[in-house]
Student: 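Let me begin by handing over the structure; questions about it come next.
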Amino acid sequence: MDLRNDRFLRALRRQPVDRSPVWLMRQAGRYLPEYRETRRRAGSFLAMAKNPELACEVTLQPLRRFELDAAILFSDILTVPDAMGLGLYFVEGEGPKFERPVRSEADIARLAVPDMQEKLGYVTDAVRLIRRELDGAVPLIGFSGSPWTLACYMVEGGGSDNHGRVKALALENPKAMHRLLAVVTDAVIAYLDAQRRAGAQALQVFDTWGGVLAPHLYREFSLPYLTRIAAELPRGDGAQAAPLILFGKGNAPYLEALAGSGAEAIGMDWTVSLGEARRRTGGKVALQGNLDPATLYASPEAIRAEVVRALDDYAAANGGSRDGHVFNLGHGMSPDMDPDRVRILVDTVHAHSAR
Ligand code: CP3
């Protein structure tokens with residue numbers, strides 16, 4: 001299998017590239033009219049995610065419009081707790097919910113790593129189909145939620161404004177919290193490994209809620225499990241090895257620790273500059289990010305200026321070289337964003353970073 005465009009994988013390995021690669025978190029989604037049309041036909045988000053043909057179709061949609069350097073599997077981080085028996089469902093306008101949230105020690109004791117083929121075979125089927133349809137155009141990214149972020153949804157039973165239940169559990173019964181995080185970590189490792197074996201060429205862990213923890217609690221309840229994933233997750237062999245990206249919202253205080261985790265790349269939000277991130281991580285890892293997604297609401301001129309500023313900030317801290325940087329947003333796109341402005345972002349990354 002030869003990739004026609006491998007600049008994303010080369011950047012993750014910190015090898016030279018002809019121009020900086022770019023992809024966008026949530027690049028497939030409601031901001032695209034063709035996504036809304038497919039979702040309408042499918043009936044719901046979950047029906048779409050659980051159908052490999054439809055998941056493949058929406059994965060490819062943004063690539064038909066923009067010159068993106070990677071595809072990301074269309075799925076959701078909450079498929080793993082769903083497979084663990086929690087019963088995922090979506091309420092229109094309210095986001096994800098679980099029928100059976102984890103609330104007691106007995107609930108935690110019942111949790112087990114799900115059988116990947118039986119419970120999550122629709123995900124690996126989608127990975128295989130997407131790889132076939134991509135036919136080497138760009139690499140495919142697989143992903144999972146981080147153990148702490150998945151635990152947030154599992155204990156809260158859905159999204160939460162203050163994460164009161166999951167934080168109370170961590171403080172009152174840290175032993176139980178660690179048991180929960182340990183089994184979720186085992187499931188995450190098995191899930192990422194299954195995606196890689198099905199054909200995912202890079203793997204990203206989304207620690208969306210790590211940043212809501214006080215530093216001593218992040219170091220107790222999120223960081224050790226990210227580090228365990230980095231240490232234990234098989235990457236595959238040689239040239240086929242799938243690099244691991246640890247993305248964290250609010251992970252700026254922990255960049256040194258994350259760079260020492262064994263992951264190949266760190267993704268961060270926009271509250272730290274790429275220059276500072278590069279200086280603090282010392283070139284040990286590739287960096288991914290980190291334009292504020294709200295930049296996409298600004299004028300084309302402002303978007304271009306911010307993209308150029310971010311690219312040049314990284315290069316200035318990296319000895320004048322753009323190598324080792326994957327351009328991305330600092331978090332996911334929103335449904336009300338304008339596809340025309342996305343094109344401006346993607347094209348500016350490529351034009352400005354051409355070597
Ligand atoms: O990036 C991509 O294009 C790949 C697909 C992807 C989705 N969710 C599709 C999706 C990825 C990588 C995710 C990850 C995810 N899911 C995260 C971590 C990333 C992040 O944003 O920090 C989280 C926290 C979730 C949980 C989740 N799933 C929420 C909170 C929601 C509701 C959001 C909303 O806008 O209503 C979802 C549903 C979801 N996952 C949608 C999409 C495109 C919207 C579904 C729809 O209504 O069509």
Side-chain angles (χ1 to χ4, degrees), residues 22-51 54-63 65-66 68 70-82 86 88-98 123 126-127 130 138 140-154 156-161 163 166 188 191-192 195 200 202-212 222 245-251 267-270 288-290 293 328-337 339 342:
V22 52
W23 69 280
L24 304 172
M25 290 187 276
R26 289 278 178 95
Q27 65 192 23
R30 283 173 293 189
Y31 78 103
L32 291 176
E34 56 271 35
Y35 172 94
R36 297 196 296 269
E37 173 57 24
T38 308
R39 188 181 185 280
R40 197 187 52 72
R41 277 195 289 126
S44 72
F45 165 74
L46 267 186
M48 201 161 57
K50 291 191 172 181
N51 177 313
L54 297 177
C56 176
E57 164 61 22
V58 290
T59 298
L60 300 178
Q61 285 172 351
L63 300 161
R65 277 187 184 249
F66 316 117
L68 296 159
I72 179 161
L73 164 71
F74 187 80
S75 187
D76 200 81
I77 62 168
L78 302 178
T79 54
V80 169
D82 186 46
L86 273 63
L88 175 64
Y89 66 102
F90 282 85
V91 181
E92 198 64 55
E94 283 182 51
K97 301 238 189 278
F98 287 117
V123 176
V127 168
I130 298 164
V138 292
L140 175 63
I141 305 167
F143 68 89
S144 169
S146 75
W148 167 256
T149 293
L150 293 177
C152 285
Y153 286 98
M154 293 169 79
E156 300 292 341
S160 168
D161 290 336
H163 296 97
V166 69
V188 165
Y191 186 52
L192 290 171
Q195 291 180 53
L203 299 164
Q204 174 156 318
V205 172
F206 288 87
D207 190 22
T208 305
W209 298 118
V212 304
S222 188
I245 307 163
L246 298 179
F247 166 75
K249 185 94 172 36
N251 65 4
M268 63 252 142
D269 71 22
W270 57 95
Q288 178 177 278
N290 69 347
N328 205 314
L329 302 173
H331 200 194
M333 298 188 56
S334 298
D336 62 351
M337 287 172 170
V342 175

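Just follow the structure's listing: the first ligand is 1, and inside any ligand the first atom is 1. In this chain, residues are counted from 1 in sequence order. Hydrogens, waters and symmetry mates are skipped; everything else that's a heavy atom, side chains included, is used.
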Student: Under 6.0 Å between ring centres, would you say that holds for Phe143 and Phe206?
Tutor: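 Yes: the rings meet the under 6.0 Å criterion.
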Student: Please determine, by modelled atom types, if Thr79 and Tyr191 share a side-chain donor-acceptor pair under 3.5 angstrom.
Tutor: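 Thr79 vs Tyr191: donor-acceptor pair found between side chains.
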Student: Which of the atoms in ligand 1, numbered in the order shown and given with their element, are less than 4.0 Å from a heavy-atom of Gln27?
Tutor: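 Listed by number with element: 1 (O), 2 (C), 3 (O).
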Student: With respect to Ser144, which candidate in Ile77, Leu203, Val188 satisfies the side chain to side chain contact (heavy atoms under 4.5 Å, CB included) definition?
Tutor: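 Looking at Ile77, Leu203, Val188, the match for Ser144 under the side chain to side chain contact (heavy atoms under 4.5 Å, CB included) is Val188.
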Student: Write out the residue and atom name of the closest protein heavy atom to atom 1 (O) of ligand 1, then the distance separating them to 0.1 Å.
Tutor: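 Result: Arg26 N, 2.6 Å.
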Student: Could you list which atoms of ligand 1 come closer than 4.0 Å to a heavy atom of Phe206?
Tutor: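 This gives 12 (C), 18 (C), 19 (C) as the contact atoms.
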Student: May I ask you to check if ligand 1 and Met48 share an N or O to N or O distance below 3.5 Å?
Tutor: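 No.
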Student: Do any N/O atoms on His331 end up under 3.5 angstrom from N/O atoms on ligand 1?
Tutor: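 Among all N and O atoms of His331, at least one is under 3.5 Å from an N or O of ligand 1.
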Student: Give me the nearest non-hydrogen protein atom to atom 11 (C) of ligand 1 as residue plus atom name, then the distance to 0.1 Å.
Tutor: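 In this structure, atom 11 (C) of ligand 1 has Phe143 CZ, 3.7 Å as its nearest protein heavy atom.
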Student: Measure the distances from the heavy atoms of Ala49 to every atom of ligand 1 and state whether one is below 4.0 angstrom.
Tutor: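 No heavy atom of Ala49 comes that close to ligand 1.
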Student: Against ligand 1, does Pro96 come closer than 4.0 Å with any heavy atom?
Tutor: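 A heavy atom of Pro96 does come that close to ligand 1.
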Student: Which residue holds the protein heavy atom closest to atom 7 (C) of ligand 1, what is that atom called, and what is the gap in Å?
Tutor: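 Nearest protein contact, heavy atoms only, for atom 7 (C) of ligand 1 is Ser75 O, 3.1 Å.
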Student: So does Ala49 get a backbone contact from the side chain of Ser75, meaning a donor-acceptor N/O pair under 3.5 Å?
Tutor: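 Not at all, since once roles are kept as given, no pair shorter than 3.5 Å links the two residues.
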Student: So which atom in Leu73 and which in Ala126 form the shortest heavy-atom distance, rounded to 0.1 Å?
Tutor: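 The answer is CD1-CB, 4.1 Å.
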Student: Heavy-atom contacts with Arg39 under 4.0 Å: which atoms of ligand 1 show up? List them by number with element.
Tutor: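 Within the 4.0 Å cut-off of Arg39, ligand 1 contributes 46 (C), 47 (O), 48 (O).
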Student: Would Leu73 count as a contact of ligand 1 if the rule is a heavy atom under 4.0 Å away?
Tutor: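 Yes; Leu73 lies near enough to ligand 1 that a heavy-atom distance drops under 4.0 Å.
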Student: Please confirm whether Phe45 and Tyr35 have ring centers closer than 6.0 angstrom.
Tutor: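 No, the ring of Phe45 stays outside the 6.0 Å limit from the ring of Tyr35, centre to centre.
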Student: Are any side-chain N or O atoms of Ser44 and backbone N or O atoms of Ala47, one a donor and one an acceptor, separated by less than 3.5 Å?
Tutor: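 Pair found, side chain donor or acceptor close to backbone of Ala47.
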Student: Mind checking whether Gln204 and Met25 have side chains closer than 4.5 Å, heavy atoms only?
Tutor: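 A side-chain contact exists here, since the closest heavy-atom pair is under 4.5 Å.
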Student: State, to 0.1 Å, how close Thr59 and Ala55 come at their nearest heavy-atom pair, and which atoms those are.
Tutor: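 The pair with the smallest heavy-atom distance is OG1-O, 2.7 Å.
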Student: Which ligand 1 atoms does Thr208 reach within 4.0 Å, using its non-hydrogen atoms?
Tutor: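 So the answer, numbered in order with elements, is 18 (C), 19 (C), 20 (C), 22 (O), 24 (C).
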Student: Look at Asp82 together with Lys50 and state whether they make a salt bridge at an N to O cut-off of under 4.0 Å.
Tutor: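 Salt bridge present between Asp82 and Lys50.
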Student: Taking atom 24 (C) of ligand 1 as the point of reference, which of Tyr153, Trp23, Phe74 owns the nearest heavy atom?
Tutor: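 Heavy atom nearest to atom 24 (C) of ligand 1 belongs to Tyr153.
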Student: Looking only at protein heavy atoms, which one is nearest to atom 40 (N) of ligand 1, and how far off is it?
Tutor: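 So the nearest neighbour among protein heavy atoms is Asp76 OD1, 2.7 Å.
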Student: What part of Pro335 sits under 4.0 Å from ligand 1 if we count only heavy atoms: the side chain, the backbone, both or neither?
Tutor: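 Pro335 to ligand 1: no contact under 4.0 Å from either part.
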Student: Within a distance under 4.0 Å of any heavy atom of Phe90, pick out the atoms of ligand 1 and give their elements.
Tutor: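 Answer for ligand 1: 37 (C), 38 (C).
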Student: Nearest protein heavy atom to atom 34 (C) of ligand 1, by residue and atom, and its distance?
Tutor: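 Looking at atom 34 (C) of ligand 1, the protein heavy atom closest to it is Arg30 NH2, 2.8 Å.
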Student: Please check if the side chain of Asn328 supplies one atom and the backbone of Gln288 the other of a donor-acceptor pair under 3.5 Å.
Tutor: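 Not at all, since once roles are kept as given, no pair shorter than 3.5 Å links the two residues.
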Student: Students should be able to answer this: which protein heavy-atom is nearest to atom 25 (C) of ligand 1, and at what distance?
Tutor: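 Atom 25 (C) of ligand 1 sits closest to the protein heavy atom Ile77 CG1, 3.6 Å.
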Student: Is there side-chain contact between Pro293 and Trp270, with heavy atoms separated by less than 4.5 Å?
Tutor: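 A side-chain contact under 4.5 Å exists here.
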Student: Quiz question: by atom type and distance under 3.5 Å, do the side chains of Gln27 and Gln61 form a donor-acceptor pair?
Tutor: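 There is no such pair between these side chains.
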Student: Atom 41 (C) of ligand 1: which protein heavy atom is closest, and how many Å away?
Tutor: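 Looking only at protein heavy atoms, the one closest to atom 41 (C) of ligand 1 is Phe45 CE1, 3.8 Å.
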Student: Can a non-hydrogen atom of Trp209 be found less than 4.0 Å from any atom of ligand 1?
Tutor: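 Per 4.0 Å heavy-atom rule, Trp209 does not contact ligand 1.
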Student: Do any heavy atoms of Ala28 fall under 4.0 Å from ligand 1?
Tutor: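 Yes, Ala28 has heavy atoms under 4.0 Å from ligand 1.
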Student: Can you tell me the protein heavy atom closest to atom 43 (C) of ligand 1 and the distance?
Tutor: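 Answer for atom 43 (C) of ligand 1: Tyr35 OH, 3.4 Å.
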